[in-house]
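The structure appears right after this line, and notes come after that.
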Amino acid sequence: MSSKDETGWLIKDVRVIDPFRNVDSIEDVCVDGDKIGSASERKDYVPVDGQGLWLVPRLIDMHVHFREPGFENKEDLQSGSRAAAAGGFTAVCTMPNTHPVIDIPSLIQWQQDQAKNMGLVHIFPIGAISKGQQGQELADLYQMTRAGAVGFSDDGHAVMDARLMRAALSYSTTLGRPIIQHAEDHELTAGGVMHEGSISQQMGLGGIPEEAESVMVWRDVELAGLTGGILHVAHVSAPGSLEALEYAKRRNLRVTAEVSPHHLLLTDAAIREWNFNPVTKVNPPLRTEGTRQLLIQAVRQGLIPVIASDHAPHHQDEKELPYDEAPFGISGLETFIGAIFSVFMVDGLISPLDLFRRVTVGPHKVLGIHYPGLTPGAPADFTLIDPQMRWVVDGKKFYSRGKNTPLQGTRLQGRSVATMVNGEWTMRDQEVLK
Ligand SMILES: [Zn+2]
C-alpha cells in the first residue's frame, strides 16, 4: 500500500461552507487517511494554507454524459472524470444514453468499478428507464438499484408513453430512487434547433417552444400525483415548468428539478452573437432574458433545489457542422463553478451556503445518497475554491474531450483550485493529478 493511509492534511484558516451541517465559518479542516479527522488526534499533519479560500464538501454534479461505452471519441470515463476533478467535483452521476445503453445491472456495476480504479471521482450511475431507451418496455429498475443505480432516466429522450411513465413512477416509490425526466414532447420539438422566438423567426431556424417542455412537466407532475412516485425534472428551461413545480410543491408531491448553468447565464441572443456557431446549440435550448430571470429567481427561492451541468461533450468535428446538423450539447464541467459564481455570487443574489446547497445537499437528497458533511469519520471529499480568482475560459485547455463551450473567451470569477476525493488530491492548482 502507498503512504496514503498515514498521510494527514491540515487545511488551515479556510472558510468552510458546509451545507450538510449548515456551517459557514473559518475553521481548520484535517484529513486522516481517507477520512475527515479531528485536530486533536495527531501532530504530524501536512499543513495547507487555506486563507482566502472556501472549502465545500462533496460537490456532486448529478447530470453528466461521459459517453462510454460507445462514443469514446467524444468522452470516456477517464477523460470525463478528469474534467470533473478539474471542475472541482468529487462526485458525478452519469447518464445512461451510451451505446449500449446502461440498462442492466452489470453495466451499472462496471462504471462504479472503473471509477474506483481511477480514484478521480465517485460515480453514482443513473440507469435507463426503458430497455435500450426505446421508450417501450421498462428496464429492470430493481436489479439496477441493487447494483448501485441512484436514479433512472432516458435522458436525451423523453418518456413519451404516459403509461410507461406511470409504471416507472410507481416503481420509484418502492425503490426510493427518482425517475429523472428529460421533459420534451418530441412531436412539438421535431425539426427544432433553437428556442422558438423572434430570433429563430428572423433567422429562419426551426424553433423549440418552451411549451414543448412544460406540457411534459405538467403531465409528469400529474402522474407523480397519481402514483405518489418520485419525479425529478432535468434541466428545466421554461416558465410553464416552474408553474408546474409550484403546483407540485403546493400538493406536497415528491417532485424536484434541476437547472443548468448555461440557462442561468446565457440567452438565445448568444446564438446571434456567436454568428450561429453550434457551440450555443443545446437541448433544451438557450431561452430568453425573461425566462433566464425566472430561473434565477426559482433557484434563489429553492423551487429548484439542484444545479447540474448537463455536461454533454462532443467531438470538435461534429460541432463544426452547420447549426442545423450539429449535435446538441455543451461541455460544462470545467466552467461550472465560475459560471454559477458569475450568476449568483458576484452580485450577492444568494448566500454561498444556499448556492452550494444546490450542488451538495440538494442532489444528495434527490438521489437518496447519504453524506454527513465535514464531520470526523466522513469520507474526505471536498473542493477548495478561490472566490476571487478571475479567469478567462479556454475550451482548448479542458481536460474533457469536449471543447465545445459557448463561454469560450468569457471572463469568469471564482474557480476550484483543489479537489480531494477519499483523502487523495485529485487536482491542485488546476492540475489533475491522476
Ligand atoms: Zn436531457
Side-chain angles (χ1 to χ4, degrees), residues 61-67 70-71 74-75 80 92-99 101-103 124-130 132-135 139 149-160 164-165 168 178-190 192-195 208-217 219-220 231-238 240-241 244-245 255-264 266 278 280-287 291 295 304 306-314 318-319 326-333 336 363 366-367 402 404 406:
D61 186 343
M62 69 169 284
H63 192 142
V64 303
H65 297 272
F66 280 180
R67 309 298 192 195
F71 307 103
K74 296 171 188 270
E75 192 84 290
V92 296
C93 297
T94 43
M95 282 294 171
N97 58 336
T98 49
H99 186 74
V101 165
I102 308 290
D103 60 359
F124 297 107
I126 291 169
I129 296 171
S130 66
Q133 290 194 317
Q134 295 295 308
V150 294
F152 299 96
S153 182
D154 276 0
D155 191 63
H157 304 278
V159 176
M160 287 288 284
L164 188 74
M165 192 63 179
I179 301 301
I180 303 170
Q181 175 75 299
H182 166 117
E184 166 180 352
D185 184 315
H186 290 293
E187 306 295 337
L188 280 173
T189 57
V193 297
M194 66 174 287
H195 171 67
I208 297 175
E210 288 172 331
E211 289 76 3
E213 174 184 301
S214 54
V215 292
M216 192 58 96
V217 177
R219 184 203 77 175
D220 290 345
L231 171 69
H232 179 77
V233 187
H235 41 57
V236 162
S237 76
S241 307
L245 292 171
V255 176
T256 53
E258 75 198 24
V259 65
S260 305
H262 44 268
H263 291 120
L264 297 167
L266 299 171
T280 58
K281 186 174 174 182
V282 64
N283 190 21
L286 302 175
R287 301 294 191 183
T291 296
L295 293 170
I304 297 179
V306 175
I307 308 176
S309 73
D310 192 11
H311 174 74
H314 289 291
E318 301 169 286
K319 275 296 202 183
F328 292 99
I330 287 171
S331 184
L333 276 167
F336 186 97
V366 167
L367 300 162
N404 45 301

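We count ligands from 1, going down the list as the structure has it; atoms in each ligand are counted the same way. Because the structure is a prediction, the values reported are computed rather than measured. All values below were derived from every heavy atom in this structure, side-chain atoms included, with hydrogens, water molecules and symmetry-related copies excluded.
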Please determine, by modelled atom types, if His63 and Asp155 share a side-chain donor-acceptor pair under 3.5 angstrom. yes

Only one of His65, Lys74, Lys319, Glu75 forms a side-chain hydrogen bond (donor to acceptor under 3.5 Å, both in side chains) with His314, so which one is it? Lys74

May I ask you to check whether His63 brings an N, O or S atom to under 2.8 Å from the Zn ion (ligand 1)? no

Option passing side-chain hydrogen bond (donor to acceptor under 3.5 Å, both in side chains) with Ser237 (candidates Glu210, Arg287, His263): Arg287

Please name the residue in the list His232, His235, His157 that meets the ring-ring contact (aromatic ring centres under 6.0 Å, His included) test with His182. His235

The N/O/S atom of His182 lying closest to the Zn ion (ligand 1) is ND1

Any N, O or S atom of Asp155 closer than 2.8 Å to the Zn ion (ligand 1): yes

